[in-house]
Amino acid sequence: MYNPLALVGRATLSFFASAGRLAIFAGNGVQHVVRPPFYPSLIGRQMIAIGYFSLPVVGLTALFTGMVLALQIYIGSSRFNAESAVATIVVIGITRELGPVLTGLMVAGRVSAAMAAELGTMRVTEQIDALTTLSTNPFKYLVAPRLIAATLTLPVLVLIADIIGVMGGYLVGTAKLGFNYGSYLKSTVDFLEPMDVISGLVKAAAFGFLLALMGCYNGYYSKGGAQGVGAATTNAVVSASVLILAANYLITEMFFAS
Amino acid sequence: MTVPKLKLQGVAKHFGHKVVLDGIDLTVGRGESLVVIGGSGTGKSVMLKCVLGLIRPDSGTIEVDGENVVGRRGSARDAYLAKFGMLFQGGALFDSLKVWQNVAFGLIQGRGMKRAEAKEIAIEKLGRVGLKADVGELFPAELSGGMQKRVALARAIATEPEIIFFDEPTTGLDPIMADVINDLIVECVRDLGASTLTITHDMASARKIADKVAMIYKGRIIWSGTRDEVDAADNPYVDQFIHGRAEGPITMDVLKP
């Protein structure tokens, strides 16, 4: 029981078992994403749940992040008389990193949890089994619409977060730090490259896929009533957040190298 | 000899070290109602899930209309599942959909029927189980337990399946509502001419809806016969079960004080 070798072995085995199960789940999900029939009304409903209802939290997060970024960069850059770089660094920081990552994390907290709770409840009340007996594939009906909706919606959310975040920096820059209105905007746009925004949107799509996948996966395999659904919800948010941060590094590395 | 509607042969399943099904042999003839009785944790539900392809048995064959369906996946599984209807123990109604959408689900999603047409059939089926059309516009959470069970029954018969499974149809209902459900089951099944497999531990229900009865214990069928033979069965397990006695060959895993 307490043999350290056995403990390590057991942990390793269970890690690989769940990694394999997740890979099969993801493969199955993607298969149904690309193969018809599609359910436009279900996808639409998910897009509203993921996108529209996340707007307040994403907007506020982006606004305050942009504001604090302008302040901090001003403090740092004033140490070597580079205050004029504030606008440029804010926009690059927001579009490349903070916009997608913070949006991903906030939406993971909202949406992965909701998906895990919903699918988990459907699992423990046998609704998922009932779908199968009514000749409807649960992957097609439940998982695929969520994956599609999240992957398509996150880039839009991130674009909105980018704009609001830059506006936050602009507010602090002009109202508090004494920048000229026109020149702040000019230096925001002048040094911005398309790749800064595009790489952020690619990240957003990947994060959307990951957070929906973790929500669905944990919910789909939850068991044991209310406690099981609670555990599934927690696991969904934690695993989605960690995967988002890990994927963020990998994608950045990919864009950085090219 | 005619081909039975559903035939299980040597179906076995274990989870870890726990043997749940230990070689089940069972036959349901055409238009026949078989009731499987047995205590909690004897493998009744696992057996049903094996037939539905939700759990894959370790060994044995499951034949529907003479064809083995074990291990079928994807569209091949959908094809044989289209012959089945199932009433789940807790109803398993989709709580995000209205009642009529629940009843029409198999018609719209499974058969690709038009919504308007499917709604008409759904309302007709709701009427069949004694519910008014305006109930169709409610959500399942707004219904009482007995009404949910009736909606679930309407959903199970909506696609006019050839085989219907009932998973503890009367559990959690008061005796009168249980009898109402039993009557509905008998009527609906007779109208459709369907074969049915019911699992229950409610003997009143079993006596009402069964043509044949089989008893499952520790993952095996230990007795089977017609409804009338149950009371005369000289099997000590059956005798203990139908009279609901704590003393007998069946021991529950409870610690004596």
Side-chain angles (χ1 to χ4, degrees), chain A residues 10 13-14 17 21 24-25 27-29 31-32 34-46 48-49 114-115 117-146 149 216 219-221 223-226 228-229, chain B residues 15 45-46 48-55 72-97 101-113 115 118 140-141 148 151-152 154-159 161 163-168:
Chain A
R10 206 174 300 138
L13 281 179
S14 84
R21 209 163 54 152
I24 292 170
F25 186 91
N28 253 332
Q31 214 178 65
H32 286 282
V34 294
R35 234 193 266 155
F38 306 107
Y39 293 103
S41 65
L42 291 178
I43 297 173
R45 200 186 302 165
Q46 288 301 324
I48 291 172
M115 285 178 180
E118 189 179 352
L119 266 63
T121 308
M122 290 187 77
R123 163 63 70 199
V124 299
T125 57
E126 297 186 307
Q127 289 181 50
I128 292 183
D129 291 342
L131 272 179
T132 312
T133 64
L134 293 165
S135 307
T136 304
N137 189 315
F139 270 88
K140 183 116 263 169
Y141 190 80
L142 295 173
V143 178
R146 285 170 169 77
C216 292
Y220 196 86
Y221 287 114
K223 44 180 168 266
V229 175
Chain B
F15 295 108
S45 295
V46 173
L48 265 196
K49 288 187 172 174
C50 283
V51 179
L52 290 169
L54 299 170
I55 295 176
R72 286 207 191 168
R73 301 175 66 96
S75 55
R77 184 172 76 165
D78 291 346
Y80 89 81
L81 283 180
K83 295 180 181 175
F84 293 168
M86 165 113 187
L87 176 66
F88 284 88
Q89 188 176 351
L93 297 172
F94 305 126
D95 39 31
S96 58
L97 299 178
Q101 290 171 320
N102 263 288
V103 178
F105 195 91
L107 298 168
I108 297 174
Q109 302 296 345
R111 304 264 164 101
M113 193 182 276
R115 284 173 72 86
Q148 287 187 5
V151 173
R155 185 174 73 177
I157 61 172
T159 53
I163 310 174
I164 312 179
F165 300 117
F166 298 103
D167 184 358
E168 315 228 340

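Per chain, numbering begins at 1; letters A, B, ... match sequence-line order.
Heavy atoms of A:I128 lying under 4.5 Å from chain B are absent altogether. Only the backbone of B:L93 comes within less than 4.5 Å of a heavy atom of chain A; no side-chain atom from C-beta onward does. If you measure heavy-atom distances from B:L81 to chain A, the contacts under 4.5 Å come from both the backbone and the side chain.
Between A:L134 and B:R155 there is a side-chain heavy-atom pair separated by less than 4.5 Å.
Tested against A:T133, the residues B:F165, B:F84, B:F88 include a single side-chain contact (heavy atoms from CB on, under 4.5 Å) partner, B:F88.
Residue B:L52 holds its CG atom at 8.5 Å from OG1 of A:T132, rounded to the nearest 0.5 Å. Considering CD of A:Q127 and CG of B:N102, their distance stands at 8.0 Å, rounded to 0.5 Å.
No more than 12 heavy atoms of other residues, nucleotides or ligands shown are found within 6.0 angstrom of CZ on A:R45.
Ring to ring, A:Y141 and B:F94 are not that close: their centroids are 6.0 angstrom or more apart.
Shown here for A:S135 and B:A82, the closest heavy-atom pair between the two residues is OG-CA, 3.9 Å. The two atoms that bring A:A130 and B:A92 nearest to each other are CB-O, 3.9 Å, heavy atoms only.
The salt bridge (Lys or Arg N to Asp or Glu O under 4.0 Å) search around B:K49 returns A:E126, A:D129, not counting sequence neighbours. With sequence neighbours excluded, no residue forms a side-chain hydrogen bond (donor to acceptor under 3.5 Å, both in side chains) with B:Q89. With sequence neighbours excluded, no residue forms a side-chain hydrogen bond (donor to acceptor under 3.5 Å, both in side chains) with B:R77.
Contacts of residues 117-124 of chain A with chain B at a heavy-atom distance below 4.5 Å involve A:M122, listed in sequence order.
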